[in-house]
Amino acid sequence: MLDPKLLRDSPELVRAAIAKKHLDADLDAVLAIDTAWRAQLTEVETLRSQQKAANTEMAALKKGSPEFLAKVQEMKAVSAAVKAKEDGLKEVEERWNAAMLTMPNLPHASVPEGRTPDNNVVHATFGDPANTSPVAQPHWEINGFERLVDFPRGAKVTGAGFPFLIGDGAKLSRALLQFFLDENVKAGYTEVSPPIFVNAASATATGQLPDKEGQMYETTPDRLYAVPTAEVPLTNFYRNEILDVEMLPVCRCAHTPCFRREAGSYGKDVRGLNRVHQFDKVELLKWVHPSSSYDELEKLRADAESLLQKLELPYRVLLMCGGDLGFAQSKKYDLEVWAAGQKRWLEVSSCSNFETFQARRAQIRFRNPETGKPELVHTMNGSGLAVPRVFAALLENNLQPDGRVKLPAALVPYFGKEYLSFK
RNA sequence: GGAGAGGUGGCAGAGUGGUCGAUUGCGCGUGCUUGGAAAGCACGUGUAGGCGCAAGCCUACCGGGGGUUCGAAUCCCCCCCUCUCCGCCA
């Protein structure tokens, strides 16, 4: 959600943002609704004011006196008018809200121009894709893969895209999670184990509702949503709260399974572990003071990157262009790991600054010590990291001629042995 | 799941239809007092929205939503949450 005042005072900034993100939002329609809403609000408030004045007057009158009864009659008309106008106002307010939700967040000045993913800027590349396994294969074709990751059984038990992890597969997943969490805690994030179902209010605050409803699994009869990312419960932790400025920045990390319906995405890009309906992920999240927001984003990205570095996986950092930025983000980096068997980059982390966009919806503020007034915090998050694609990259990049997978030194203490076996 | 009791400002806690955005106490802030402090005294102390150059004015908010009424913190309905007891249970 954008600041309504920004819309009124600087519509040109919003217009530029819409253009830079290559969106279709109709700013003029929103401005028209805003004007109408304010006009209606004034009308209702004037009537309410009359009611309150009459109320004070009537309190002083003797109940049942002719003056009193006359006033009652008089105010009946006002009461009816208030009801009618309030109904109208409520209707306009709903349209106003819906309209405001179509206004995207402003991209940061450092976001490059561009319409499609091809226009994303390669910000940095680490490691050498050429320096990976000479016998690399797509992970789903590796001999014995199905003994570690069982898709058919998962499909039988639950549905497509819900694989079982077995033996060294389950163990590698657990080792990665543990490694990620430990490293993140060392980097200063407090570990949190959040609920993995959230209510509609939480899903709305972080932007999954109303428009991305179909991407979440919803439970009946309680209408709870399985989290698509730990970002949702984590961000909502402080919903409707005013934080002490001394607390900032608050840095947290959490492991949750993530559930995504991903309706309609099929094809070669989603083979194997590339895209599944349930996967494990560790999320990094910060609530920060607006003044340090972009420094904190760089740190968050560096923290996520250090995980890939310790796993000795080649990766690149993309700075997303305006058109590929996303509706709610001000700036976003994607980390993509090299998968030597598929010969392609796989996104394993997306580090975004939302500035006040989420904080306004979720009403997360801090008290400015200078003014004593509450102000919105900035929120940002990034994966640190998503497990299945890192899992896939490890299998593909580190495949040995003997059919085993050599694990990076940093992971050995967690995995308990140097080689993963498909037996 | 069943029965009962509750949910009011930072906290405690009044308020059962009108002058209540809300008594009071604590806390907090400013000032007076003091050698300094405490105590005492005085004043102040929520959030959001609209209008206005501003000073300021207006409106809303007593867990959430609806209703009754000229008028709702107060009455009615639905929902959520907390506590106590019972049941069930890892």
Side-chain angles (χ1 to χ4, degrees), chain A residues 1-10 30-101 103 193 195-205 209-210 218-225 233 236-247 356-377:
Chain A
M1 175 97 80
L2 276 184
D3 185 354
K5 290 197 180 78
L6 179 78
L7 229 67
R8 289 166 203 152
D9 300 342
S10 316
V30 178
L31 288 171
I33 292 170
D34 185 50
T35 306
W37 171 68
R38 284 187 287 166
Q40 296 236 35
L41 183 63
T42 305
E43 282 186 50
V44 168
E45 289 190 348
T46 306
L47 286 170
R48 295 287 294 172
S49 182
Q50 283 177 33
Q51 275 190 314
K52 287 186 73 165
N55 194 36
T56 309
E57 234 179 284
M58 290 168 77
L61 291 174
K62 191 162 178 262
K63 227 170 249 181
S65 68
E67 298 91 335
F68 186 91
L69 293 174
K71 204 72 192 170
V72 168
Q73 285 312 309
E74 185 192 328
M75 293 316 292
K76 277 192 178 185
V78 177
S79 180
V82 167
K83 275 207 174 73
K85 292 276 183 198
E86 271 182 346
D87 287 347
L89 180 64
K90 195 183 281 181
E91 189 265 329
V92 175
E93 232 154 30
E94 274 165 24
R95 285 199 292 133
W96 185 88
N97 261 315
M100 285 301 299
L101 291 177
M103 293 290 102
S193 180
I196 60 170
F197 291 95
V198 295
N199 57 31
S202 294
T204 305
L209 295 179
E218 183 181 352
T219 65
T220 46
D222 296 315
R223 285 212 64 194
L224 295 176
Y225 298 89
N236 277 281
F237 184 87
Y238 286 125
R239 175 151 54 89
N240 294 328
E241 293 193 31
I242 298 174
L243 309 182
D244 188 341
V245 71
E246 309 290 327
M247 292 166 66
T356 61
F357 201 80
Q358 286 184 328
R360 178 169 288 104
R361 275 204 199 188
Q363 283 299 301
I364 305 171
R365 295 172 293 171
F366 68 98
R367 199 170 289 283
N368 183 332
E370 282 165 33
T371 61
K373 293 291 171 196
E375 293 176 19
L376 295 164
V377 300

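Lettering follows sequence order; numbering is per chain, from 1.
The P atoms of B/A22 and B/C81 are separated by 32 Å, rounded to the nearest whole Å. Rounded to whole Å, the separation between the P atoms of B/C77 and B/A3 comes to 15 Å. With both ends at atom P, the span from B/C32 to B/G36 equals 11 Å, rounded to whole Å. For B/U82 and B/C75, the C1' atoms lie 24 Å apart once the distance is rounded to whole Å. When the P atom is used for both B/G31 and B/A37, the distance is 11 Å, rounded to whole Å. Of the P atoms belonging to B/C58 and B/G2, the separation is 49 Å, rounded to the nearest Å. The same atom, C1', is picked in B/U8 and in B/U16; the two are 14 Å apart, to the nearest Å. As rounded to the nearest Å, B/U74 and B/U69 have C1' atoms that lie 13 Å from one another.
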Every protein N/O within reach of nucleotides 49-52 of chain B N/O, cut-off under 3.5 Å:
{"from": "B/G49", "atom 1": "N2", "to": "A/E45", "atom 2": "OE1", "distance (Å)": "3.2"}
{"from": "B/G49", "atom 1": "N2", "to": "A/E45", "atom 2": "OE2", "distance (Å)": "3.4"}
{"from": "B/G50", "atom 1": "OP1", "to": "A/R8", "atom 2": "NH1", "distance (Å)": "2.5"}
{"from": "B/G50", "atom 1": "OP1", "to": "A/R8", "atom 2": "NH2", "distance (Å)": "3.0"}
{"from": "B/C51", "atom 1": "OP1", "to": "A/R38", "atom 2": "NH1", "distance (Å)": "2.7"}

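Atom pair A/K62:NZ and B/G18:P shows a separation of 18 Å (rounding to whole Å applied). Atoms CG (A/L47) and P (B/C70) sit 16 Å apart, rounded to a whole Å. Going from atom CG of A/D3 over to atom P of B/A48 covers 12 Å, rounded to whole Å. A/K373 places its NZ atom 7 Å from the P atom of B/A48, with the value rounded to the nearest Å. Taking atom CG of residue A/N240 and atom P of nucleotide B/G9, one finds them 15 Å apart after rounding to whole Å. Whole-Å rounding puts the A/N55 CG to B/U59 P distance at 12 Å. Rounded to a whole Å, the CZ atom of A/F366 is 19 Å from the P atom of B/G10. Between A/E67 atom CD and B/C70 atom P there is a gap of 19 Å when expressed in whole angstrom units.
Salt-bridge annotation for A/K71 and A/E74: present, with a side-chain N of the basic residue lying under 4.0 Å from a carboxylate O of the acidic one. Looking at A/R38 and A/D34, a side-chain N of the basic residue comes within less than 4.0 Å of a carboxylate O on the acidic one, giving a salt bridge. With salt bridges taken as basic N to acidic carboxylate O contacts below 4.0 Å, none links A/E94 and A/K90.
Remark: A/K90 is in phosphate contact with B/G66, judged by side-chain N or O atoms under 4.0 Å from OP1 or OP2. Under 4.0 angstrom from either OP1 or OP2 of B/A48 there lies no side-chain N or O belonging to A/R360. Side-chain nitrogen and oxygen atoms of A/R365 include at least one within less than 4.0 Å of the OP1 or OP2 phosphate oxygen of B/A48. OP1 or OP2 of B/C70 has not a single side-chain nitrogen or oxygen of A/K71 nearer than 4.0 Å. Using a 4.0 Å cut-off, no side-chain N or O of A/R48 falls inside it from OP1 or OP2 of B/C58.
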*Determine, stepwise, if the pair A/Q358 / A/R361 fulfils side-chain hydrogen bond (donor to acceptor under 3.5 Å, both in side chains).*
CA-CA 5 Å; A/Q358 286 184 328; A/R361 275 204 199 188; over 6 Å; no
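A/R223 comes within 4.0 angstrom of no nucleic acid atom, judged by non-hydrogen atoms across all strands.
Base-pairing analysis of RNA chain B finds the following stems of at least three consecutive Watson-Crick or G-U pairs, with both pairing distances under 3.5 Å: B:1-7 with B:80-86, B:10-12 with B:24-26, B:27-32 with B:40-45, B:46-51 with B:56-61, B:63-67 with B:75-79.
For the pair A/T204 (side chain) and A/L209 (backbone), a donor-acceptor distance under 3.5 Å is absent. Between the A/S79 side chain and the A/M75 main chain, no donor and acceptor come within less than 3.5 Å of each other.
In the set B/G18, B/U47, B/U68, B/G18 carries the atom at the smallest distance from any side-chain atom of A/M58. For A/P374, whose side chain is taken as the heavy atoms from C-beta onward, the closest listed nucleotide among B/G17, B/A48, B/U59 is B/A48.
Checked by distance alone, A/K52 brings no side-chain donor or acceptor within 3.5 Å of a matching partner on the base of B/G71.
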